[in-house]
Amino acid sequence: MQATVVERPLTHFVGIGATGSFDDLPELVPEARKALLSRQYEISAVVNPDEQLGVTRPQEHESGPDQVTTYIGFQVSAYINVPPNMIAIELPAGRYAQFVWQGSFESEAFQSFYPSMFNWFKEQSLTPSGVNPWIEIYGSDHDWEDRSNPANRLTVLMPIGGSALQ
């Protein structure tokens, strides 16, 4: 697996959450996205309405041990009247490992996509940040209706923590 190390500036995010097990997220996130899009007009200062972000904060603790919350929303240029039942999250500036998937999300190869990210960190003697959010970018080339579409694209940004040797 190849990764590109990128520097991201401080950005702002507004969205809604989906909480469940890692296995449930492939169903929960698209449902949350539909709810988000039905309320998109309520969000001010959206940078790119054709691009949604998925944000997972590793330091957030859920009610159960296998539970995680992923927020789906938009990058905004400023927090202006954040709508009720939505959350504003500051995405800190920093170094991120950028991984890109192109292909079917139902393929066997995709099943190893996320584990291979952690292998990349290990091979580089790095660790993902346990503080900064992990970010997924869903653009117009992410087919929400057809997970098997070979043109599907997903960009994942994992914040770089310290050296694994520390």
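Bear in mind the structure is a predicted one, so any value in this text is a computation, not a measurement.
Judged by distance alone, the side chain of Trp101 and the main-chain N or O of Gly103 form a donor-acceptor pair under 3.5 Å. Side chain of Asn152 to backbone of Asp143: a donor-acceptor contact under 3.5 angstrom is found.
Hydrophobic clustering (side-chain heavy atoms under 4.5 Å, transitive across Ile, Leu, Val, Met, Phe, Trp, Tyr) keeps Val131 apart from Leu53. When the side chains of ILVMFWY residues are joined at heavy-atom separations under 4.5 Å, either directly or via intervening members, Ile72 and Phe22 end up in a single hydrophobic cluster. Put simply, Val47 and Ile137 are part of two different groups of oily side chains (I, L, V, M, F, W, Y) that touch within less than 4.5 Å, one to the next. When hydrophobic clusters are built by joining Ile, Leu, Val, Met, Phe, Trp and Tyr residues whose side-chain heavy atoms come closer than 4.5 Å, directly or via intermediates, Val5 is grouped together with Leu126. Under the 4.5 Å side-chain contact rule for hydrophobic residues, Val76 and Leu37 share a cluster.
Using a 4.5 Å heavy-atom threshold, the side chains of Tyr96 and Met158 count as separate. For the pair Ile160/Phe121, a side-chain contact is recorded, criterion being any heavy-atom separation below 4.5 Å from C-beta on. Looking only at side-chain heavy atoms (C-beta outward), Thr69 and Thr56 stay at 4.5 Å or farther from each other. Residues Pro92 and Pro159 are not in side-chain contact: their nearest non-hydrogen atoms beyond the backbone lie 4.5 Å or more apart. Between Ser104 and Pro150 there is no side-chain heavy-atom pair separated by less than 4.5 Å.
Nearest approach of Ala3 to Ala97, heavy atoms of both residues: CB-CB, 4.4 Å. The two residues Gly20 and Leu28 have their closest heavy-atom pair at CA-CD1, 3.8 Å. Listed here is the closest heavy atom pair of Asn48 and Phe74: O-CD2, 3.9 Å. Shortest non-hydrogen contact noted between Ala18 and Leu25 is O-CD2, 3.9 Å. Scanning all heavy atoms of the two residues, the minimum distance from Ser112 to Ala109 falls at OG-O, 2.9 Å.
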Checklist entry - Which is it for Val100 and Leu154 under the side-chain contact (heavy atoms from CB on, under 4.5 Å) test, yes or no, and what are the steps along the way? => result CA-CA 6 Å; Val100 178; Leu154 172 66; over 6 Å; no
Item to check | Val29/Tyr71 under side-chain contact (heavy atoms from CB on, under 4.5 Å): CA gap, chis, key distance, verdict | outcome: CA-CA 8 Å; Val29 171; Tyr71 300 93; over 6 Å; no
Next on the checklist: As a quick check of understanding, evaluate side-chain contact (heavy atoms from CB on, under 4.5 Å) for Met117 and Trp134, giving each step before the final call.
Outcome noted: CA-CA 12 Å; Met117 289 183 221; Trp134 301 359; over 6 Å; no
Item to check | Pair Arg95-Val6, side-chain contact (heavy atoms from CB on, under 4.5 Å): steps then yes or no | outcome: CA-CA 6 Å; Arg95 287 183 339 140; Val6 298; over 6 Å; no
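One finds the CZ atom of Arg57 at 11.0 Å from the OG1 atom of Thr70 (value rounded to the nearest 0.5 Å). To the nearest 0.5 Å, atoms CD (Gln98) and CZ (Arg8) are separated by 9.0 Å. Considering CD1 of Ile16 and NZ of Lys34, their distance stands at 12.5 Å, rounded to 0.5 Å. The distance from the CZ atom of Phe105 to the CD atom of Gln111 is 11.5 Å, given to the nearest 0.5 Å. The distance from the OG atom of Ser38 to the CZ atom of Arg33 is 11.5 Å, given to the nearest 0.5 Å. To the nearest 0.5 Å, atom CG of residue Asp141 and atom CD of residue Glu51 are 9.5 Å apart.
Relative ring orientation between His12 and Tyr79 is described as perpendicular, the plane-to-plane angle rising above 60° on a 0-90° scale split at 30° and 60°. Between His142 and Tyr138, the angle of the ring planes goes over 60°, which puts this pair in the perpendicular group of the 30/60° scheme.
Counting non-hydrogen atoms of other residues, nucleotides and ligands closer than 6.0 Å to CD of Gln102 gives a total above 12.
Exactly one residue among Val55, Leu10, Asn132, Leu157 makes a side chain to side chain contact (heavy atoms under 4.5 Å, CB included) with Leu91. That residue is Val55. Under the ring pair (Phe, Tyr, Trp, His ring centres under 6.0 Å) rule, Phe99 has a single partner from Phe118, Tyr114, Trp120, Phe110, which is Trp120.
Checked by atom type, the side-chain pair Asp24/Ser21 shows a donor-acceptor distance below 3.5 Å.
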